[in-house]
Amino acid sequence: MAIKNRWLALIGLTLSVLVIGFDTTILNVALPTMAADTGATTGQLQWIIDSYAVVYAAAMLPAGLLGDRFGRRKILVTGLAVFLGGSVVGMLVSSPGPLIAARTIMGLGAALIMPLTLSVIPTLFKGEEQTKAIAIITVGVSIGLPLGPLLSGWLLEHFWWGSVFAINIPLVGLSIIACSLLIPETRDPSSPNIDFISATLGILGLGTLVYGVIEAPSKGWGAPVIVASMAAGVVMLAGLVLRERRQARPMVDLDLLRNYSFRWNTVFLILGTFVFMGLMFVLPQYLQVIQGHDAFGTGVRLMPLMAGMIIVAKAVPPLTARFGSRPLVVGGLAVMSVSMLIGSTTDTGSGYGFTVVWMTLTGLGVGFVMVPSLDSALATLPKGKEGTGSGLNTTLRQVGGAIGIALLGSLLNAGFKDRIDTEGVPAEAADKAKESVVAAEAIAARLKMPQLMDSAQSAFVHGMGLVFVVCGIAGLLAAVLAAVKLPNDRKAKMAGAAPEQSESESAPGSVEGARQ
């Protein structure tokens, strides 16, 4: 293929992952507008975000095998088409249920796009060009995350909330054309059969577990349906693990988790994603509903959180070379935790000046956890396992994000319902007011009850404080764990060794212990 055509194909691939990147965060700024326009409850808002994340995480596991067996270009274009279809549905619907369905379809498309994008790169580029192409794809995903809130805010200022889905249509359409015309078809005839039982266990197990966490605040943690769904989720995920361990060529290579460094760096990556995605669910609502900023203003005011992560991405390589990744991850966890505990003291009268301080520190802390952890985790993978390990790592991070939104969103919801005072409010209106702070403010305005609005805002900030306290305490415990468990890869590099380690070998602090 001509060089020009190969690079044109890369533009199409980059557009694909760019859309996935900003679709991870683009809806967060739109949540208050969606709640007001569609009547979505807090639980439904969680599902609008989590339906995408759950399917994206679970369906990514068999995606690579589908490409190997049926053709990588074919499955990639299929994923783009599915994502496009979900975007069209999301653009047209006007109620929470169909919106959740649209996001589920988009999650399925994203699960096919991401791993297949990476798998076709070697068919287009070799040597140094391949390294450059992968870097461009990585930058595309990274740019998408901070671009999401800004783009969402601008669209909501000028168009209706469905425009956050409409923006996908031309970008994905160009990607489909570029991939169809410029990417050669490849497949692996020796690839194993798709294990649909494992794929089903993964999707249903994660979905039912997240359902239980999200619905528990409204139905009660002891409700039979909640207990049953969470138990079923755990059983199905355990069944997935047991089944995969018996496969000669498993869909999920769990043996990679025997790699000491890969396992523990992945744990801290999951925690970083857990906090980041939970924060991205809570913060836009706080900035819009409590502080009164418009959608675009909210997107702009979220930039310190993103900027902290971008700054860290630039600073990590030289710092890792000098100090190793362990002190960076430990320090990042500590900074993240302290900033979360500072944020937990926020009240309804706190201004943006206070918010920007702890938000920037949080971005720095999360960045110092995630960037070196990802580099260290992937650097320790055995040769030939880079793709499998990257897929497993990405899946576990997506699971962390989905659980973060579910668990922290449920904590916010429970704190809000526990604290809001609906005395004097008609019973039906009181029940509606307890569904979300947006609904409570709308009812307060309609009934001319400023005391209800004040109580709703205070209750929301109380729930947000609980979320931040949990994140802060979890982060401090994780910092201690990281100091003990992460290998000293600086010593390994100085000794000319790879920072890999087996549990059966010596302690993480020694050069020998950094080998596997």
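One-based numbering along the sequence shown.
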(request) Applying side chain to side chain contact (heavy atoms under 4.5 Å, CB included), run through Leu283 and Leu302 and close with a yes or a no. (result) CA-CA 8 Å; Leu283 263 180; Leu302 284 171; 4.0 Å; yes
Is a side-chain donor or acceptor of [X] paired with a backbone partner of [Y] at a separation under 3.5 angstrom?
X: Ser455; Y: Asp421; result: yes
X: Thr355; Y: Gly351; result: yes
X: Arg263; Y: Leu257; result: yes
X: Asn265; Y: Ser261; result: yes
X: Arg301; Y: Gly297; result: yes
X: Ser458; Y: Asp454; result: no
X: Arg103; Y: Ser51; result: no

With a 4.5 Å cut-off on side-chain heavy atoms, are [Y] and [X] touching?
X: Leu486; Y: Phe268; value: yes
X: Leu466; Y: Leu412; value: no
X: Tyr260; Y: Lys485; value: yes
X: Leu408; Y: Phe274; value: yes
X: Leu287; Y: Tyr352; value: yes
X: Phe296; Y: Leu155; value: no
X: Leu476; Y: Leu333; value: no
X: Leu341; Y: Trp358; value: no

(request) Say whether Ser350 and Gln291, considering side chains only, have a donor N or O and an acceptor N or O under 3.5 Å apart. (result) no
Inter-residue atom distance [X].[atom1] - [Y].[atom2], 0.5 Å rounding:
X: Ser198; Y: Met236; atom1: OG; atom2: CE; answer: 13.0 Å
X: Leu151; Y: Trp154; atom1: CG; atom2: CH2; answer: 8.0 Å
X: Ile113; Y: Met106; atom1: CD1; atom2: CE; answer: 9.0 Å
X: Leu206; Y: Tyr211; atom1: CG; atom2: OH; answer: 15.5 Å
X: Leu204; Y: Leu209; atom1: CG; atom2: CG; answer: 12.5 Å
X: His293; Y: Gln288; atom1: NE2; atom2: CD; answer: 9.5 Å

(request) Test Phe460 against Ile420 for side chain to side chain contact (heavy atoms under 4.5 Å, CB included), laying out the working first. (result) CA-CA 8 Å; Phe460 181 88; Ile420 188 172; over 6 Å; no
Atom of [X], atom of [Y] and distance for their closest heavy-atom approach:
X: Leu396; Y: Ile270; value: O-CG1, 3.6 Å
X: Ser344; Y: Gly465; value: CB-O, 3.6 Å
X: Phe354; Y: Ile342; value: CZ-O, 3.5 Å
X: Ser339; Y: Leu361; value: CB-CB, 3.6 Å
X: Trp47; Y: Gly207; value: CH2-O, 3.9 Å
X: Ser152; Y: Ala30; value: OG-N, 3.9 Å

(request) Determine, stepwise, if the pair Leu279 / Phe468 fulfils side chain to side chain contact (heavy atoms under 4.5 Å, CB included). (result) CA-CA 9 Å; Leu279 197 60; Phe468 293 167; 3.3 Å; yes
(request) Decide yes or no on side chain to side chain contact (heavy atoms under 4.5 Å, CB included) for Asn168 and Phe83, but give the supporting numbers first. (result) CA-CA 9 Å; Asn168 295 336; Phe83 194 92; 3.8 Å; yes
(request) State which residues pass salt bridge (charged side-chain N to carboxylate O under 4.0 Å, His left out) with Arg243; sequence neighbours excluded, sorted by chain then number. (result) Asp195
Which side-chain N or O atoms in residues 222-234 pair as donor and acceptor under 3.5 Å with protein atoms at least two apart or in another chain?
from	atom 1	to	atom 2	distance (Å)
Ser229	OG	Val225	O	3.1
Ser229	OG	Ile226	O	3.0

(request) Pick out which of Gln285, Met464, Gln457 makes a side chain to side chain contact (heavy atoms under 4.5 Å, CB included) with Ile290. (result) Gln457
